[in-house]
Structure formats: structure tokens, C-alpha cells
A.B. asks: 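I have a structure here, written as C-alpha cells, and I will follow up with some questions on it.
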Number of protein chains: 2
Amino acid sequence: MIRVMVVDDQALVRRGFALVLDNEPDIEVVAEAGTGVEAIEAAREQQPDIILMDIRMPEMDGLEATVHILEAGDAACRVIILTTFDPDEYVFRALQAGASAFVLKDIPPEALVQAVRTVADGGAMLAPGITRRLISQFAQKLGAGRNLAERLQRLTTREREVLAAIAAGKSNAEIAAALFIGAATVKTHVSSVLSKLGLRDRAQAVVFAYECGLATVGERDVGF
Amino acid sequence: MIRVMVVDDQALVRRGFALVLDNEPDIEVVAEAGTGVEAIEAAREQQPDIILMDIRMPEMDGLEATVHILEAGDAACRVIILTTFDPDEYVFRALQAGASAFVLKDIPPEALVQAVRTVADGGAMLAPGITRRLISQFAQKLGAGRNLAERLQRLTTREREVLAAIAAGKSNAEIAAALFIGAATVKTHVSSVLSKLGLRDRAQAVVFAYECGLATVGERDVGF
DNA sequence: TCCGATCTCCCCCAAAAGGTGGAGATAGCC
DNA sequence: GGCTATCTCCACCTTTTGGGGGAGATCGGA
């Protein structure tokens, strides 16, 4: 049995969703809430598996409530964001907040039921148009450094190691220590890297490393 | 009427999908192909709206064929990748190749039909588990620089502008020219930025900018 | 009005970075 | 054995960078 909570400030909408879901044999609506604050409270008491969350609500919006509920963590629940429109900002904030699904309110009832089952099953679901944008953004990132990666191939192994170290924010002296070579050697390698890639200084080298995928956002803790 | 082509090296599988789709009143299967090469040929001749593409095939795999077909471009078609398993590498390669959907072969027939309609309608669709991974990867990137973004707030407006310029690979002189201020002033700002953020040199500043989201991969053409 | 923050610019100086040219050692290839 | 590529290091030099300290102007708030 999938235990669901429905959160929406409009009682009518809320009841509508609740009725549709409660009608399913394997789904049970265990709570309803009309504000973000109520939602947090109810989530803690009822520990639902799935929360259907509206975004625009008085007191506290659905995204903020989602963050709180998921951070509390005692509830191993997943959140489905429901919204009327799909402005980009909401989508990104929702994904960042930890939502498992983002669907528009105009989806057919069966699709909503299916979404609940999918998410309860560990899956995720996005409205088709949103998936499209997410994919295109992702593909852009993936494909960004293709010609750059080719230029990267002109470097020797050692030079790529040095470039990676530069992209980690290391000074020449630190690179020397890390690679167990002399400072003079590092300078030689750095010069080769810059001239082979057509760059001017190590700052540009860092940019290059990120753009071509040699360095990646999120893989380092900036604790210089 | 949605014109569909089915590509799979196993004739039985191919026929199965074709029959399911042809059974729908608004869908017409206009071509079938058993290899990537055949698919490219058929796509050019028949100009289908949607291509159901298997990945593993002899002669040329589905992803390579997808790239060729979409690059040809004369066909304004969208590709749905069908596969038995869902190894990550395939997913990323598929998205990069330009696929609009990535679904597993075990989806129920109605869902496949729905996917075809969704994609024909300009949407995109991913298998639930894949959507989940895509979201988590995306959320990771988005959330990467949260504490960092706070540190960013300690900078003044001008200092953030300077930091952005540093992250663009500009030298102090270039920044001065870009912001219409003196070189000495730039040095002052750079010093403030570094000391406020606890960084040592501009290379680390570039790293910081990428990690906190001030700079983003793919937004710049590295044409220093 | 005075204070603090910000933006602007200056001087001096030390350290780091980057360029040029050279050189020895090793390894693989024709 | 020559030839090339790579890795290692050195010396010399110029430019850039970054730090320290100071200073004038503006603006907004206490």
C-alpha cells in the first residue's frame, strides 16, 4: 500500500487529487495539507511514502517545504511536485530541493496514478517538455568540449597531468611536490601546455580544463 | 498521422513493435530496418517523424546511426532509443547523439504508444530509473556551490564583476579595458577578491568561479 | 554631521609566472 | 647507429601578479 499525502492550498484541487488516488486499490491518502507549514507537520506525523506537493502556497511554498521535509530525513519519502505552469526556475529549484518528479496539473488522472507508482518504485518522472529541456541542457554540457578534447590530445601524458594540477589550483611549486619533479621541470611543462593549447596563462588553462571536461564542477571541495 | 520507422536487428521484435503501433489509428509504420546502415538509407527515403531505434545491431549500432540521421538533418525526425538494459554509457551517448527518448524494451505497449505520441508532440521521455539518475546528477551540479555561493555574497558588486572577468581568462589589463577603469584599480579589486575568498591566485579564483556557478561550462567559446 | 562602505587610483616591492635557449637521459622507431 | 619524442633540469630575463599601505570621492545610513 502506497501512503500518500496531498498538499495544495486550494481545498477543491486537493480533494480532487485525493479522490482520484484513494480510488486506487494500492494507494491510500493518509494526509492532506493546505500550507507548507502544515505539510511539514503532517509529514512528520504520518510518514507518507509519497507527497504530492503544490508549489504556490501561502505561508511557505512547496519547494521550501520539500527541502525541510527531506532534510528532516526521518521520513523516507519522495516528493512529486505539481504545478500549473512550468517556469524553468521552479524546475531547477525543485530538482535541487530533491523532488523525484515534476508534473503539470493538467496530466490525465491515470498518468498521475502511474507517476505515483513509478516514484514509489524508486523511479522519477518529469513532464515531457521538461525532460526535453533537461536533456538538451545535459547534452550541451556533455558535448561542450569536443573540439577542445581533441586539442587536449596534442599534449603528452605528463603535460596533461600538469594541466590537471593547474586546474586544481596548484602553484608550480605544489605541482612539483605532487609529481615528485623539480620546479624547473614544472615550468617547462607549463610552458609547453600553454603554447600547445594557445593559452596565455594558467588562469586560461583552468578555464580550458573545465570547458573540455578535464576538470568537472562538483568533484573537488574548494578547500585550497 | 505520425509516421514511424522501427529499427531492430531481430525481425520478430521489430514486427512486434510495428504491429502494436500500426494498430493505433493515428500512427503509421512506414519503414523497418535491421541495421544502422539500412536505417540511414530508409530514413532518407521515407522521412519518418519518429524512429524507434535499437542500440545493439550489426554493421552500425543505433547510436551511431542516430547521429548520422540527425546530422543529415533533411529529416526533421525524432529518435526514441529502445534498449534491453540501461547501462549509463549508453544513456549519455544517446542523449549526446540527440535522442529524444530513452526507454526500456519491457515497457507496456500502451506506454510505448504514449511515448511515440509524446515525442511526436515535441516532448521527451526517459525510463523512470534513468530520469532519476539524470536528475540526481543535475541536482549535484546545481547544488555543488551552495556554501561557495554564500562566500560569493561577501564580495561587492564590482568585485564579483572582476571575478567573473578573471574566470573568463582575462588579464588585469584586459579587465581594466573591459570595465573602463585603471589597471591599478583592477589590482585592488583582485586583491580584495582573493583575500575575501581565501584564495591565493587568479587560477584558484577561476576554479572557485566554476565551482560556485559564477562561471559555467559551455557558455563560453574558448577562443582566447 | 560623521562614519562606514565602496570605487577609484597611486607607489613600492617581492614573488611568481612565463619565455628563450640549452642540455642530458631514456626509450622507441626506421 | 641515427632520429625523434619525451621527461628531466638549468640559467637568464621580462612581465605579471599580488601584498602593503595610503588617499581622494561618493553615497547612504546612524
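Numbers restart at 1 for each chain; the letters A, B, ... are given by sequence-line order, proteins then strands.
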A.B. asks: Below 4.5 Å, heavy atoms only, C-beta onward: do A:Glu38 and A:Glu41 meet side chain to side chain?
C.D. replies: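 No. Closest side-chain heavy atoms not under 4.5 Å.
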
A.B. asks: Could you state the CD-C1' distance from A:Gln153 to D:dT6, rounded to the nearest angstrom?
C.D. replies: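 Answer to the nearest Å: 16 Å.
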
A.B. asks: Round to a whole Å and report the spacing from CD of A:Glu161 to C1' of D:dT6.
C.D. replies: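 Rounded to the whole Å, the gap is 12 Å.
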
A.B. asks: What pairs with B:Ala94 under side-chain contact (heavy atoms from CB on, under 4.5 Å), at least two apart in sequence or on another chain?
C.D. replies: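 Residues passing side-chain contact (heavy atoms from CB on, under 4.5 Å) with B:Ala94: B:Leu63, B:Ile81, B:Ala99, B:Phe102.
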
A.B. asks: Taking the basic N atoms (NZ, or NE/NH1/NH2) and the acidic carboxylate oxygens, is any pair closer than 4.0 Å for B:Arg154 and B:Glu159?
C.D. replies: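 Judged by the 4.0 Å cut-off on N to carboxylate O distance, B:Arg154 and B:Glu159 do not form a salt bridge.
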
A.B. asks: Using a 4.0 Å cut-off on heavy atoms, which residues in residues 171-184 of chain A reach DNA chain C? List them by number, or say none.
C.D. replies: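 Within residues 171-184 of chain A, the residues near DNA chain C are A:Ser171, A:Asn172.
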
A.B. asks: B:Ile166 has an atom CD1; how far is it from atom P of D:dT16, in whole Å?
C.D. replies: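 Atom-to-atom, B:Ile166 to D:dT16, this comes out as 16 Å.
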
A.B. asks: Please produce a list of atom pairs where a protein N or O lies less than 3.5 Å from an N or O of nucleotides 19-25 of chain D.
C.D. replies:
| from | atom 1 | to | atom 2 | distance (Å) |
| --- | --- | --- | --- | --- |
| D:dG19 | OP2 | B:Ser191 | OG | 3.4 |

A.B. asks: When you check the gap from the basic side-chain N to the acidic O, do B:Arg200 and A:Glu174 get nearer than 4.0 Å?
C.D. replies: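 A salt bridge is present here (some side-chain N lies under 4.0 Å from a carboxylate O).
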
A.B. asks: Under the side chain to side chain donor-acceptor pair (under 3.5 Å) rule, what pairs show up with a residue in residues 182-192 of chain A, not counting sequence neighbours?
C.D. replies: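 Side chain to side chain donor-acceptor pair (under 3.5 Å) check on residues 182-192 of chain A returns no pairs.
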
A.B. asks: Ignoring hydrogens and geometry, is there a side-chain-to-backbone donor-acceptor pair from A:Arg3 to A:Gln46 under 3.5 Å?
C.D. replies: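 It does hold such a pair.
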
A.B. asks: Classify B:Thr185 by what it touches in the nucleic acid, base, sugar-phosphate, or nothing, heavy-atom distance under 4.0 Å.
C.D. replies: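 Base: the residue B:Thr185, judged by heavy atoms under 4.0 Å, touches a nucleobase.
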
A.B. asks: Salt bridge (charged side-chain N to carboxylate O under 4.0 Å, His left out) between B:Arg14 and B:Asp54: does it pass, once the steps are laid out?
C.D. replies: CA-CA 9 Å; B:Arg14 200 164 69 224; B:Asp54 186 29; over 6 Å; no

A.B. asks: What are the 5'-most and 3'-most nucleotides of DNA chain C lying under 4.0 Å from any heavy atom of chain B?
C.D. replies: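 For DNA chain C, the relevant span reads C:dT6 to C:dC10.
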
A.B. asks: Residues two or more places apart in sequence or in another chain: which of them pass side-chain contact (heavy atoms from CB on, under 4.5 Å) with B:Thr131?
C.D. replies: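 In terms of side-chain contact (heavy atoms from CB on, under 4.5 Å), with neighbours along the sequence ignored, B:Thr131 is linked to A:Ala124, A:Leu126, B:Leu126, B:Ile135.
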
A.B. asks: Could you tell me if the side chain of B:Glu150 sits less than 4.5 Å from the side chain of B:Gln153, heavy atoms only?
C.D. replies: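 When only atoms from C-beta onward are counted, B:Glu150 and B:Gln153 do not touch, as no gap falls below 4.5 Å.
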
A.B. asks: Can you tell me how far CZ of B:Phe180 sits from CD1 of B:Ile175, rounded to the nearest 0.5 angstrom?
C.D. replies: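 Nearest 0.5 Å value for the CD1-CZ distance: 14.0 Å.
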
A.B. asks: In this structure, how many angstroms lie between the C1' atom of D:dT17 and the CD atom of B:Gln204, rounded?
C.D. replies: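 Atom CD in B:Gln204 sits about 14 Å away from atom C1' in D:dT17.
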
A.B. asks: How many Å lie between CZ on A:Arg158 and C1' on D:dC9, as a whole number?
C.D. replies: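 Taking CZ of A:Arg158 and C1' of D:dC9, I get 13 Å after rounding.
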
A.B. asks: What's the separation between atom CD in A:Glu211 and atom CD in A:Gln204, rounded to the nearest 0.5 Å?
C.D. replies: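 Going from the CD atom of A:Glu211 to the CD atom of A:Gln204 covers 12.0 Å.
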
